Amino acid sequence: MAKADTVRKRAPLKIRRPPVGASPGTLIADPAARRSELRLTLISPEKFKTIDNASIDELNAHCEKWPVVWLDCTGLANIPLIEEIGRIFNLHPLALEDVVNTGQRPKVDFFEDHAFVVMRMIDDVTAHRYEQIAVFFGKNFVVTFQEREGDPFDPVRKRIAASMPNRLRSRGADYLAYALIDAIVDSYFPPIEAAGEVVDGIEDQMLNTPHKHQMRQLHELRRDANVLKGVLWPMRDALATLIRNDVPFVKAATKIFFNDTLDHSLRLIELVENQRDMLTGLIEMHLSLTQARTNDVISYLTIVSVIFMPLTFLVGVWGMNFEPESSPWNMPELKAYYGYPAALLLMLVVAVGLVAFFRWKKWL
Amino acid sequence: MAKADTVRKRAPLKIRRPPVGASPGTLIADPAARRSELRLTLISPEKFKTIDNASIDELNAHCEKWPVVWLDCTGLANIPLIEEIGRIFNLHPLALEDVVNTGQRPKVDFFEDHAFVVMRMIDDVTAHRYEQIAVFFGKNFVVTFQEREGDPFDPVRKRIAASMPNRLRSRGADYLAYALIDAIVDSYFPPIEAAGEVVDGIEDQMLNTPHKHQMRQLHELRRDANVLKGVLWPMRDALATLIRNDVPFVKAATKIFFNDTLDHSLRLIELVENQRDMLTGLIEMHLSLTQARTNDVISYLTIVSVIFMPLTFLVGVWGMNFEPESSPWNMPELKAYYGYPAALLLMLVVAVGLVAFFRWKKWL
Amino acid sequence: MAKADTVRKRAPLKIRRPPVGASPGTLIADPAARRSELRLTLISPEKFKTIDNASIDELNAHCEKWPVVWLDCTGLANIPLIEEIGRIFNLHPLALEDVVNTGQRPKVDFFEDHAFVVMRMIDDVTAHRYEQIAVFFGKNFVVTFQEREGDPFDPVRKRIAASMPNRLRSRGADYLAYALIDAIVDSYFPPIEAAGEVVDGIEDQMLNTPHKHQMRQLHELRRDANVLKGVLWPMRDALATLIRNDVPFVKAATKIFFNDTLDHSLRLIELVENQRDMLTGLIEMHLSLTQARTNDVISYLTIVSVIFMPLTFLVGVWGMNFEPESSPWNMPELKAYYGYPAALLLMLVVAVGLVAFFRWKKWL
Amino acid sequence: MAKADTVRKRAPLKIRRPPVGASPGTLIADPAARRSELRLTLISPEKFKTIDNASIDELNAHCEKWPVVWLDCTGLANIPLIEEIGRIFNLHPLALEDVVNTGQRPKVDFFEDHAFVVMRMIDDVTAHRYEQIAVFFGKNFVVTFQEREGDPFDPVRKRIAASMPNRLRSRGADYLAYALIDAIVDSYFPPIEAAGEVVDGIEDQMLNTPHKHQMRQLHELRRDANVLKGVLWPMRDALATLIRNDVPFVKAATKIFFNDTLDHSLRLIELVENQRDMLTGLIEMHLSLTQARTNDVISYLTIVSVIFMPLTFLVGVWGMNFEPESSPWNMPELKAYYGYPAALLLMLVVAVGLVAFFRWKKWL
Amino acid sequence: MAKADTVRKRAPLKIRRPPVGASPGTLIADPAARRSELRLTLISPEKFKTIDNASIDELNAHCEKWPVVWLDCTGLANIPLIEEIGRIFNLHPLALEDVVNTGQRPKVDFFEDHAFVVMRMIDDVTAHRYEQIAVFFGKNFVVTFQEREGDPFDPVRKRIAASMPNRLRSRGADYLAYALIDAIVDSYFPPIEAAGEVVDGIEDQMLNTPHKHQMRQLHELRRDANVLKGVLWPMRDALATLIRNDVPFVKAATKIFFNDTLDHSLRLIELVENQRDMLTGLIEMHLSLTQARTNDVISYLTIVSVIFMPLTFLVGVWGMNFEPESSPWNMPELKAYYGYPAALLLMLVVAVGLVAFFRWKKWL
């Protein structure tokens, strides 16, 4: 668990809002957005075709001829292109605005002939960067928008390319949308489980040698868990909305599959909530271990002080300069034949007595 | 993050109630209210006209002739004027009372032919002062009341003045009301994000050198977040009420836009809740850092005490005045040839031994 | 804020239950109840009449002849009188039992021809004593029962006596009931706002000089807030019930007014919740200030100990009695020409070095 | 408040489950169950008759002839008897199983012609032992099962025996059931109020002299409150279920009475929640009082150390044995005429200066 | 309570997900899964027959001839076998996938002619290992899948084998499913009650001698309780879903029994929640006991320091070497006749005075 020792650098959840004064529904590109690239996947039960770096013309040419069209747009810088896609598939302007202004809460909106689903994926496991993925789907198309290259859709692509019988090719656009959304949800499992292992590593370390830096790690992990919770809950809500509503372009048979995705999202929330509870418990335990340690150290100090203070007082007494010559009352013990050994013995008795007392008090 | 170092002065959320004994629905001006000024904006799809410092006569003259009239009243001191506006637009007396008695919870009330929306805006980012903005809207009018000059409506005004095609001018009064309310909600983003940055700044500082004053700042920020939460939740509820109810003067198409505003308010709540969680975590961490520090200091004290106490005892022993002359048992070591170096060596051994013991105990 | 320094004496919330074995619906007077006094207010749109110390006969005589009758009964000792009132207005026996057994939760019950509302008012601002006020209202009567003299109804009485047009006289019994209930709810604002100021005062004090007694005050204020919350929530629920139910003796127009009262109760709850959050934050901060102080004191102790312990050891060394006469190895420094100044210098160097070390460690 | 000083011994909430492998609906007696005894109360509006130690034959003989029959069975050891009762009144086997397996959650189940209500009473105020009371009621019978003698039904018995007009005799079986359930709920008031007084007693004590054992008492009281909460909430839910459902054997008029019982259960929950809040506050305050005390003690230690350490160092300096004979630089002050008084004065100045410093720092 | 002293080793809740890229509904065996074994129980009201290590052929042969068939499949490695079972009983592919991918949240899914229930049982009481049990049931069959041998179904098997009248044999498949699910739920009682006893043991120990390791145990127990809560809540939800939905293969009479199981699950949740509250309370109390102990130790240190510091200073004063020969002002007390006894007496007086002071301050 080497990772448990290094303080990870969080990337803050960027929220992108349109510039002040922009009319709702008007698309304005984020200056930091990547160049848009289209990848068109044309699907029929019998065959399929993928066109990388597709153009709008190719889109127009193929769009109507295939039972299911999946257009995947990576990078959100090219506003006219996005507007053109919106026109071709008749996407709602407000939804397109949410595509461009990334950092939206996961949600589902239903329009007349298509649904609009905003999801968020973990972009980079170690940096906890999130990326917005927007999914539109209607009767015969799925359009996905992502901020950057890199997505959890490769398994879906492989399954589209798999030999017959092929459910992904024969079940229509809503099933394809399900497959994509399911892939996004499932991509949360590995990082969350990895975080669980980091927590276990810190716990083991902490019980052996509690250290200040663990506190910091625990706090950072708890914050990560809070952020995750804030992403997963609206995803769950969006999935529930998708299942609850009856719209013509989502088949009842597909809803059973979406239900499965909902179960997974609930399981993820459960995992994260559990991790949070564990982290809160560990933070409390860390505090109590620190306090126990303070207690130990103070006990130690007390024992040493309480033993040596009387002894130091005694040697001080016999170091006083009262003159035996002036009076027989003045420190006659200094002249006694066994004075010094007797004094040492007395001090030994005092020390041993105090140690015994501490033993009896169970402070040692 | 220079701001993180200075203790900000909160302005308490003023609640204005009518004087005791006033009949409900009777308007009584707040003595501190500003002089009322009217600004009339007349809107039709083709053209628009703005009249600053409008009079009631001008209002009466233009009111019926334009498809949409937006009357913006700044300052609530002029009760007869407000009553006259109420009569012209047939506004409910109880709603008008809420306009004058500022500090109302954000809410929506539906009356026969108009809706009444109470919102709150942040008046001044640094002082966290809030201002009530009341919005009435019916079939062909929008009336807004604000306490002071300065509002988040400038973008809306610019969009009204923008060239054709102009949704704000063509979509009717409910869309204009949406644009205004949306502008109010969106005006919360900048201060909340700024607070987030202040929190990050304090966190960085704290992890380097924990200091008492940070605790105070964290508490103040958490209180600010609590106040914000208390403002944002009823705003969210009001928006949800607006969408849920079917009234003739809110078109279904406009509800989709209000839905977008609702999303923004949820995002704001999420941001504030996240900030609160972070602040609570930081406060806990501050406590534990302080405690760890106490622990360090006590350990240090203990180590020094435990090393020097036995040594001081030993030098005390050899500083005793038992007379070697009186008895051969009395401190013969004082006369030994290597007595002093041997004593120093013994003390060195004791000190080194204790240091080694502490190393072994991992206290150093 | 002199009040902030004195520990207030709470009066516990008295709950009055009927004696064991009493049949439900049988009225048994609280031995501590005050002598009942009736005040009859007869209201018509044109005129009104108030009869203090009214008798049952007067009640019977006037009851039927006026459009609205308000009977206010102060003191609950006179059971036959209360039963007689119940008979005249046909009040439900269980409701009458709740009138006599004070300390009920605020609630609303609907019976065939009247509603029964239990409210609670703050009887004494400084002692936080609560008093139950029961309000019955039907088509043409309002009956109120209070435990003691002193109520928040004076503004209502003044408004009844006000000249025409007079809504309170013309709008019927349900509007009068609203006015009374609204007056009770609004009477919570002043004490809650006063408590807010006390909290602010303690906060200022605390940040200057934290003191043990503040902790106690904060705890007491939080308890007060808890009690208040426990009173306000059922009042809110009762108001919501009143608005939600359709009964013939509450007009729709009056419900708009009750809605306003509901808003006020929500505002009160918000204020109290906010106060509680603040108090919890202050209690936490007080703890952390105390801990920071402990830390300071311990640091101080440590610094002084660590500086003086080595010095005391050194002077102890040179106070040993090894005899220089017996051996040239025995403490030759005692006879050195600059021995004493050198020793003092050495100690100064040690002290200055340790102080520099603490500066570097930022402990000073 | 002598009770506040003794640590009470809790009796754990016994849960009785059927032996493994038993078929649901098969009754198996708890070996610890008491011998069953029947008490039959026969009720008509005109007269009533009580038969102690009734037999099944007597039950059969009278059952049909009286309008209302109340059979109270104390002790659950006699399974054949209980099964026979079940047969006579046609009680559901699963319900009978819940009767025998005590420790059920309070609940209501409706069967075709009877309702089954599980309640829990506090059996012994000081030991916080709970006892399950099962109430079956149908059109013309009420059957109650209790674990042991001792119940809160005596007031109901007295009211049955009271002279005419007698609601309990004339209102039917559902009203009798209400009276019994109401008696159970009301029996919670005395112990909860007594606990409240114990809490107040501990609080007073604690503010005077905080002590470790109070912490323990506070924790135990909070646990008691938690257990009570866990009993009262399902009782409330059961009552709400009873009122919400429309069944032929519960009259609408009786529901108004059950509503009253529901109010009482809400009041109880409120009381207990309030007590819990108070206890949590007191536990926090106890911790902070302890910490304040630690702070005081450490301050005291620091002050004494800081005053005496420099003084001890000084007397150590003048106790060094540098020989004035060897050099004029060696400790000439020892021979000075006013050397000793000057040294004492210097030490006094140091001591006074430090005390003044502490005063100024407000540590004294 | 020997167990309370040893730190138990938790087995983490394994979640098994399908390999990346697998199509939903495709079964892929967990490499760690056990070899599948079938046990076929054929049930009719009159007789029953059990076939261990049944083959698919035997299943096909008997399946149609008996009114109720219970197929229990232990071990999930044999995917073709499981798929074959799915075909025979027409089980939904997604449900079968959940069977194979263990670690699902407890849930209920309804398909056209069967229900699918996922439950979780505690596999090993001491290691808190959980095992998924999947139950399918339709009109005339129950199919159960478990990960390993060992289940809580033995009582059910015994009841099937019991002599007539036998409800389990005569009430159909839904009642059998109920009996199995009820057995799973009831199997939670023993371990939860055992955990309760461990908690009580630690509490007793802790109040006698608080120790660091108890803190750890309390934290582990609380975590166990959290995990349990996370298992029990979805089980409760699944049972509620089962009761709420109307499907042809669950009879109304059986729902009454499922209701009983729901009650048990609520009781379990209550027990666990109570345990969590107790554990949180104990963790708090442990902290406060530790702090009280620190307080004690520091008080002890302070008392000893405060007594000996002045004494050590005094003996230091009289150990100074001011020369009485040089001046009558220099330490004349050293030559006084009763100098030494007087000094000792003075020190005694100081010590006794300080002890008395501490007594008075109640620090001893």
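Quick caveat, the model's predicted, so the values are computed rather than measured. Numbered from 1 within each chain, the chains take letters A, B, ... in sequence-line order.
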>> Between A:N321 and E:M320 (side chain of the first, backbone of the second, donor and acceptor by atom type, cut-off under 3.5 Å), is there such a pair?
In response: yes
> Do A:N330 side-chain atoms and E:L334 backbone N/O form a donor-acceptor pair below 3.5 Å?
Replying inline: yes
> Between E:H286, E:M331, E:Q291, which shows the greatest number of heavy-atom pairs under 4.5 Å with chain A?
Replying inline: E:Q291
>> Evaluate A:E284 against E:R222 for salt bridge (Lys or Arg N to Asp or Glu O under 4.0 Å), listing each step before the verdict.
In response: CA-CA 12 Å; A:E284 264 185 45; E:R222 189 164 61 168; 3.3 Å; yes
> Side chain, backbone, both or neither: which part of E:K107 has an atom under 4.5 Å from a heavy atom of chain A?
Replying inline: side chain
>> Let's test your reading of the structure: which of A:G319, A:P324, A:S305, A:G281 forms the most heavy-atom pairs below 4.5 Å with chain E?
In response: A:G281
> So how far is it from E:L344 CG to A:F322 CZ, rounded to the nearest 0.5 Å?
Replying inline: 8.0 Å
>> What's the separation between atom CG in A:L289 and atom CZ in E:R216, rounded to the nearest 0.5 Å?
In response: 8.0 Å
> Tell me, side chain or backbone of E:I307 under 4.5 Å from chain A's heavy atoms, or both, or neither?
Replying inline: neither
>> Under 4.5 Å from any heavy atom of chain E, what part of A:D263 do you find: side chain, backbone, both or neither?
In response: both
>> I'd like to know if the side chain of E:H219 reaches the main chain of A:L282, judged simply by a donor and an acceptor atom lying under 3.5 Å from each other, with no hydrogens or angles considered.
In response: no
> Judged by modelled atom types alone, do E:T290 and A:N295 share a side-chain donor-acceptor pair under 3.5 Å?
Replying inline: no
>> So, taking the atom named CD in A:E270 and the one named CZ in E:R105, what distance separates them when rounded to the nearest 0.5 Å?
In response: 4.5 Å
> Quick check: does any side chain N or O of E:R293 sit under 3.5 Å from a backbone N or O of A:A292, one acting as donor and the other as acceptor?
Replying inline: no
> Looking at E:L218, E:I283, E:T312, which one has more heavy-atom pairs under 4.5 Å with chain A than the rest?
Replying inline: E:T312
> Just how far is it from atom CG of A:D260 to atom CG of E:D109, taken to the nearest 0.5 Å?
Replying inline: 8.0 Å
> What part of E:F111 is in contact with chain A, defined as an atom under 4.5 angstrom from a non-hydrogen atom: side chain, backbone, both or neither?
Replying inline: side chain
> Step by step, would you call A:E333 with E:Y340 a side-chain hydrogen bond (donor to acceptor under 3.5 Å, both in side chains)?
Replying inline: CA-CA 11 Å; A:E333 66 271 35; E:Y340 185 51; 2.3 Å; yes
>> Is there a side-chain contact between E:Y300 and A:V306 in this structure, where contact means two heavy atoms from C-beta onward sitting under 4.5 Å apart?
In response: yes
>> Is E:T280 in contact with chain A via its backbone, its side chain, both, or neither, using a 4.5 Å heavy-atom distance?
In response: neither
>> For a 4.5 angstrom cut-off between non-hydrogen side-chain atoms, does E:I298 reach A:T302?
In response: no
>> Rounded to the nearest 0.5 Å, what separates atom CG in E:N101 from atom NE2 in A:H264?
In response: 7.5 Å
> Which atom pair, heavy atoms only, marks the closest approach of A:S299 to E:V297?
Replying inline: CA-CG1, 3.8 Å
>> Which atoms of E:H92 are under 4.5 Å from chain A, going by heavy atoms: the side chain, the backbone, both sets, or neither?
In response: side chain
> Between E:K335 and A:S327, is any pair of side-chain heavy atoms under 4.5 Å apart?
Replying inline: no
> For A:P310, is it the side chain, the backbone, both, or neither that has a heavy atom closer than 4.5 Å to a heavy atom of chain E?
Replying inline: both
> Roughly how far, to the nearest 0.5 Å, is the CE atom of E:M309 from the CE atom of A:M309?
Replying inline: 4.0 Å
> Heavy-atom distance under 4.5 Å to chain A: side chain of E:A336, backbone, both or neither?
Replying inline: backbone
> Within a radius of less than 6.0 Å around CD of A:E325, do more than 12 heavy atoms belonging to other residues, nucleotides or ligands occur?
Replying inline: yes
>> If I measure from the heavy atoms of chain E, does A:D154 come under 4.5 Å with its side chain, its backbone, both, or neither?
In response: neither
